[in-house]
Amino acid sequence: MRRNRRTDWSRRLVRENSLSVNDLIWPVFVMEGKGLTQPVASMPGVLRHTVDRIGAAAKEAQALGIPVIALFPQIDPAAKDVTGSEATRPGNLVCRAIKAIKDAAPDLGILCDVALDPFTDHGHDGVLQDDCILNDETVDILCAQALVQVEAGCDIIAPSDMMDGRIGAIRRALDAAGHQDVQIMAYAAKYSSAFYGPFRDAVGSAKTLGKASKSTYQMDPANTDEAIREVALDIAEGADMVMVKPGMPYLDIVHRVKKEFGIPTFAYQVSGEYAMLKGAIQNGWLDNDRVVLESLMAFKRAGADGVLTYFAIEAAKLLNR
Ligand code: PBG
């Protein structure tokens with residue numbers, strides 16, 4: 001076995017998988033204000049950008065060859081309410097950021113999360129009533145949210161809420177409004193995970209969840225077959241691409257989904273995974289460049305077509321070197 005590993009050229013020759021800048025989707029945080037970038041404490045190296053600053057970030061991503069940017073807003077607490085009504089207002093932070101990105105970097109795809117958690121005062125992804133998240137009432141609002149984002153210029157709608165039936169409802173709403181070309185990337189197998197902790201800090205939705213649990217809509221980390229059923233439903237309802245989330249602890253799911261359906265399959269290397277790696281890197285316990293690229297290659301080996309990763313910019317720089 002070692003003959004093929006002896007030289008660099010031979011290792012490159014027999015390499016089974018490859019990682020390129022085309023595999024990267026860059027999640028970015030936007031906030032209100034002017035002329036500011038603000039570090040996210042629990043995600044060393046990650047910034048929130050004001051709308052007037054997001055264009056420059058998008059330009060950098062486009063210049064590096066990153067195909068898609070994914071937008072996540074930190075909503076002003078005064079604009080939050082129990083139904084997340086700010087999510088459906090055409091002039092909201094996400095819509096303004098979409099326009100700024102399209103102006104600055106017209107060749108960059110824009111992906112938007114569809115879920116209410118950045119917009120609700122309780123931090124849940126849907127409408128909360130008597131400690132329950134209402135499914136169909138939420139789906140109606142998600143359709144309206146998807147529409148305002150698309151009308152602002154969003155290219156890929158990514159429902160991350162885990163309500164039942166939302167992919168079909170959003171597809172019908174988009175088609176009825178003449179947006180047949182807008183793609184849907186379903187957060188199809190999204191687990192109720194402790195690895196989202198730093199993200200909730202980044203968008204300011206932490207600590208408000210109350211008595212209701214995200215486990216009543218996100219998947220149980222113990223389950224595998226259920227992920228296959230979730231993905232099958234989302235494909236039947238019209239998803240163009242599917243996602244597994246979190247990423248590295250769920251590579252078995254990525255592998256099984258890709259094998260079973262052969263559909264474009266993405267993984268989200270989530271905030272907690274990023275924080276774990278960066279924390280160890282900052283302590284000098286892991287080598288930054290090697291561990292960033294190895295962690296991303298692992299997704300490709302498992303069968304993913306691409307990765308949503310907070311490392312996108314630095315990985316693109318390493319890959320373009
Ligand atoms: C919102 C959403 C979450 C993430 C992406 N979209 C948080 C959650 O569901 O609680 C997490 C991303 C990350 O941790 O990097 N529904």
Side-chain angles (χ1 to χ4, degrees), residues 21 24-80 84 86-119 145 148-158 160 196 198-206 268-271 274-275 278 282 288 292 307-320:
V21 73
L24 305 174
I25 297 176
W26 183 34
V28 294
F29 298 109
V30 287
M31 64 176 184
E32 296 289 0
K34 240 187 156 77
L36 295 175
T37 50
Q38 200 177 67
V40 177
S42 52
M43 301 176 71
V46 170
L47 301 170
R48 297 183 197 95
H49 309 257
T50 53
V51 170
D52 60 324
R53 288 286 181 94
I54 196 73
K59 261 192 183 139
E60 185 183 22
Q62 179 178 268
L64 286 164
I66 292 172
V68 176
I69 195 169
L71 278 180
F72 297 95
Q74 182 194 43
I75 298 299
D76 181 352
K80 297 186 184 187
E86 177 68 6
T88 61
R89 196 172 63 79
N92 71 17
L93 179 60
V94 176
C95 294
R96 281 179 279 127
I98 293 169
K99 288 183 181 135
I101 292 170
K102 275 292 168 204
D103 283 347
D107 297 330
L108 189 64
I110 302 179
L111 178 151
C112 289
D113 227 55
V114 172
L116 300 181
D117 54 315
F119 304 92
Q145 180 185 20
V148 298
Q149 291 173 344
V150 165
E151 266 144 30
C154 172
D155 301 294
I156 305 175
I157 286 295
S160 75
Y196 308 149
F199 174 93
R200 292 178 192 165
D201 165 32
V203 301
S205 68
Y268 199 143
Q269 184 180 48
V270 298
S271 56
Y274 176 89
K278 275 294 181 196
Q282 283 189 334
N288 187 83
V292 167
V307 190
L308 288 92
T309 175
Y310 301 98
F311 291 119
I313 293 285
E314 60 173 306
K317 287 179 182 164
L318 291 170
L319 292 166
N320 288 341

Under the side-chain hydrogen bond (donor to acceptor under 3.5 Å, both in side chains) criterion, do D201 and S42 qualify, and how do the steps go?
-> CA-CA 7 Å; D201 165 32; S42 52; 2.5 Å; yes
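- At a threshold of 4.5 Å between non-hydrogen side-chain atoms, the residues F311 and K278 count as touching.
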Stepwise, does the side chain to side chain contact (heavy atoms under 4.5 Å, CB included) test hold for D113 with L71?
-> CA-CA 7 Å; D113 227 55; L71 278 180; over 6 Å; no
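- Relative orientation of the W26 and H49 rings is perpendicular, given thresholds of 30° and 60° on the angle between their planes.
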Quick one: do E314 and N288 satisfy side chain to side chain contact (heavy atoms under 4.5 Å, CB included)? Show the steps, please.
-> CA-CA 10 Å; E314 60 173 306; N288 187 83; 2.9 Å; yes
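- Closest approach of A87 to V148, counting heavy atoms only: O-CG2, 3.6 Å.
- Not a single donor-acceptor pair under 3.5 Å links the side chain of E32 to the backbone N or O of L93.
- What you find for L24 and A316 is that their closest heavy atoms are CD1-N, 3.9 Å.
- Within the 3.5 Å criterion, the main-chain N or O of E86 finds a donor-acceptor partner in the side chain of N92.
- Between Y310 and F29, the angle of the ring planes stays under 30°, which puts this pair in the parallel group of the 30/60° scheme.
- Judged as a side chain to side chain donor-acceptor pair (under 3.5 Å), the pairs with a partner in residues 50-59 (not counting sequence neighbours) are, in order, T50-D52.
- Using modelled atom types, one side-chain atom of N320 and one backbone atom of L64 make a donor-acceptor pair closer than 3.5 Å.
- Checked by atom type and distance alone, the side chain of R48 never pairs as donor or acceptor with a backbone atom of V40 at under 3.5 Å.
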